[in-house]
Amino acid sequence: MAWGNKRQWVLALALACGMGAGAGGTPAMAAETGNTKSSGETRGVSFSIDREEYDAQARAAMQIDPVVSAQLGAIRKVVLDDAASMDQPGPDVLVFDVEGSRGKGRVTARFITVSATEEALGPGVLVMSDGTEHVIEGDADALAAEDDHHGHDHDEDVGAGADLFTRQAQEAAQRYPLIRQHIGQITTFEIDTEATGAAPGMNTFVFDVVGDKGRGRLEADFITVSAETERLGKGVLTLANGRRLPFEGEPRGEDEPADEAGVDGLFGDMQDNIFTRQARVAVQRYPLVQQHIGTLASFEFDLAATGEAEGANEFVFALAGDKGRGRILAEFITVDADTERLGKGVLTLADGREIAFEGEAPMEGELASPRIDTDRGEVPDTFARQDGIFVLQANAAMQAHPVVQRHIGDIREAAFDRDASWAAEGELYVFDLKGSKGAGRLEAEFITVDADSERIGDGELVMADGKRYPLDPK
């Protein structure tokens with residue numbers, strides 16, 4: 001994923017690795033800022049992650065909704081209508097024009113941030129191109145979890161400043177003498193997500209502050225002391241008249257853990273989690289690393305440098321081996337649950353020499369590359385293969401499908417036609433099947449349900465004798 005806000009990126013990385021729970025207020029804030037609406041010069045919807053990544057998450061949320069899936073089928077295209085979204089109440093009500101295998105429509109609904117990698121569809125409405133309307137109830141589990149988390153309406157929480165991190169940050173700011181002197185008793189304390197995203201420093205946040213003595217903008221580090229407390233660090237208070245007042249922040253408390261127990265402690269497991277171990281194996285087998293670094297003795301994740309890296313899948317590690325030491329910035333591509341592949345990057349040696357490299361070639365069984373609807377050209381090596389994960393999951397979906405069971409029986413052989421599948425429109429894939437009852441050719445949409453399963457959408461089974469049977473996803 002490509003994250004626009006590096007602070008939110010690293011916090012989301014921790015949450016995705018299961019390390020964010022109970023670590024203080026900041027991760028909770030990051031998890032709740034899925035999108036914002038700006039009415040300034042850059043009026044429109046902005047996201048805390050890459051726009052394409054958010055579109056993909058929103059598409060997945062709509063795809064698994066029973067109302068959207070039933071009316072539109074397999075979703076092929078989603079386009080966010082910024083202007084219409086801006087006119088909707090609340091920061092999380094968005095409008096998407098959606099095109100599917102069964103028709104076109106417009107979805108207006110809440111989009112609920114479940115995690116750094118998942119959005120859920122909330123209540124809304126689907127208006128088809130012919131004008132018919134269908135009520136969207138939304139993801140019941142996501143709505144229930146949201147209610148449990150907030151205790152009351154999300155929009156009221158945000159409007160009242162009850163977000164955990166924001167409340168703790170406001171308390172820290174209110175304690176500081178400089179704030180009391182120039183701002184007074186704080187009445188409004190609102191985070192500026194765009195300015196926070198552009199601010200230097202992983203713990204730097206920007207707030208617009210209004211009090212009974214004045215108003216201004218606070219840009220400062222906020223240090224997590226405990227699950228209930230933030231401490232105001234170094235920063236600048238800019239008053240309404242433009243006067244800038246730099247400050248050092250509050251001193252460390254007697255019971256406050258050392259620096260390592262803050263952000264570094266939160267991400268300490270990154271030095272020895274499954275991804276880091278798989279990344280180390282990928283780096284170790286690369287010839288360039290073997291030539292200049294040798295056998296790895298040390299392989300340390302660089303959190304700060306990774307947060308500043310531009311690419312969506314780029315990570316930075318400090319290396320030391322029996323031949324030398326250096327730093328590697330590279331893309332890491334997930335092949336399967338057990339394997340990472342080293343992609344394009346740069347190896348910087350201890351003497352400062354930089355060596356750019358292209359990385360490893362795609363591996364057998366790697367997940368399918370996304371298809372482009374026009375002028376696809378030759379089938380890339382990374383597109384789904386016969387022994388790959390997608391084909392295995394597709395086989396399971398076909399074996400369970402009632403039409404396949406009725407006419408093919410138990411599948412004995414399922415040959416994946418890569419060329420025909422790559423050339424097919426939308427999400428159609430083509431298999432030649434042989435089973436206990438007969439043989440045929442299946443052309444169908446395969447819709448990703450989760451990391452472990454596919455389901456069959458619209459399609460057709462053509463038997464060896466020429467008889468055709470539609471695959472009814474209902």
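Every residue meeting the ring-ring contact (aromatic ring centres under 6.0 Å, His included) condition with Phe431, not counting sequence neighbours, appears here in chain and number order: Phe416, Phe446. Leu239 meets the side chain to side chain contact (heavy atoms under 4.5 Å, CB included) test with His182, Ile183, Leu237, Asn241, Arg243, Leu245; sequence neighbours excluded. Partners of Glu52 according to the salt bridge (charged side-chain N to carboxylate O under 4.0 Å, His left out) rule, which considers only residues two or more places apart in sequence or in another chain, do not exist here. Residues that satisfy the side chain to side chain contact (heavy atoms under 4.5 Å, CB included) test with Thr187, not counting sequence neighbours, are Val210. Applying the salt bridge (charged side-chain N to carboxylate O under 4.0 Å, His left out) rule to Glu445 yields the partners Arg76; only residues at least two apart in sequence or on another chain are considered.
Put simply, the side chain of Ile333 does not reach to within 4.5 Å of the side chain of Glu360, judged on heavy atoms. Contact annotation: the side chain of Leu232 approaches that of Phe222 to within less than 4.5 Å [non-hydrogen atoms, C-beta and beyond]. At a threshold of 4.5 Å between non-hydrogen side-chain atoms, the residues Val114 and Asp141 do not count as touching. The shortest distance between side-chain heavy atoms of Val98 and Leu126 does not fall below 4.5 Å. At least one side-chain heavy atom of Asp458 sits less than 4.5 Å from a side-chain heavy atom of Arg102. Between Arg252 and Arg231 there is a side-chain heavy-atom pair separated by less than 4.5 Å. A 4.5 Å side-chain heavy-atom check between Ile186 and Ile179 finds at least one atom pair inside the cut-off. Side-chain contact check for Val346 versus Arg327: every heavy-atom pair is 4.5 Å or farther apart.
Open room surrounds CZ on Arg215; 12 or fewer heavy atoms of other groups in view lie less than 6.0 Å from it.
Note that the CD atom of Glu340 and the CZ atom of Arg280 stand 15.5 Å from one another [nearest 0.5 Å]. In this structure, the separation between CZ on Phe317 and OG1 on Thr306 is 6.5 Å, given to the nearest 0.5 Å. The NZ atom of Lys77 lies 14.0 Å from the CG atom of Leu72; values are rounded to the nearest 0.5 Å. The OG atom of Ser129 lies 10.0 Å from the CD atom of Glu99; values are rounded to the nearest 0.5 Å. Atom-to-atom distance recorded for Ile223:CD1 and Thr229:OG1 is 12.5 Å, nearest 0.5 angstrom. Atom CD1 of Ile456 is separated from atom CE of Met398 by 6.5 Å, given to the nearest 0.5 angstrom.
One finds no salt bridge joining Lys234 and Asp221 here, because no Lys/Arg side-chain nitrogen approaches an Asp/Glu carboxylate oxygen to under 4.0 Å.
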(request) Could you walk me through whether Leu442 and Val404 pass the side chain to side chain contact (heavy atoms under 4.5 Å, CB included) test, one step at a time? (result) CA-CA 9 Å; Leu442 182 141; Val404 176; 3.6 Å; yes
(request) Just do the side chain to side chain contact (heavy atoms under 4.5 Å, CB included) check on Val107 and Val78 with the steps written out, would you? (result) CA-CA 10 Å; Val107 171; Val78 298; over 6 Å; no
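Between Phe189 and Phe207, the ring planes lie parallel to each other; the angle is under 30°, not in the 30° to 60° tilted range. The aromatic rings of Tyr176 and Phe247 lie tilted to each other, with the angle between the two planes from 30° to 60°.
Annotation for Tyr54 and Glu119: closest pair OH-OE1, 3.2 Å, computed over non-hydrogen atoms. Contact between Ala397 and Glu454 at its shortest, heavy atoms only, is CB-O, 3.4 Å. In terms of heavy-atom proximity, Ile136 sits nearest to Gly122 at CG2-O, 3.7 Å. When all heavy atoms of Pro123 and Leu143 are compared, the pair lying nearest together is CD-CD2, 3.9 Å. Considering every non-hydrogen atom in both His134 and Val67, the closest pair reads CB-CG1, 3.7 Å. Met128 and Gln71 get closest at one heavy-atom pair: CE-O, 3.7 Å.
Sorted pairs that involve residues 58-67 and meet side chain to side chain donor-acceptor pair (under 3.5 Å), not counting sequence neighbours, are lacking altogether.
Looking at Lys104, its side chain never comes within 3.5 Å of a backbone N or O of Asp97 through a donor-acceptor pair. Using a distance-only test at 3.5 Å, with no hydrogens or angles considered, a donor-acceptor pair links the side chain of Ser85 to the main chain of Val95.
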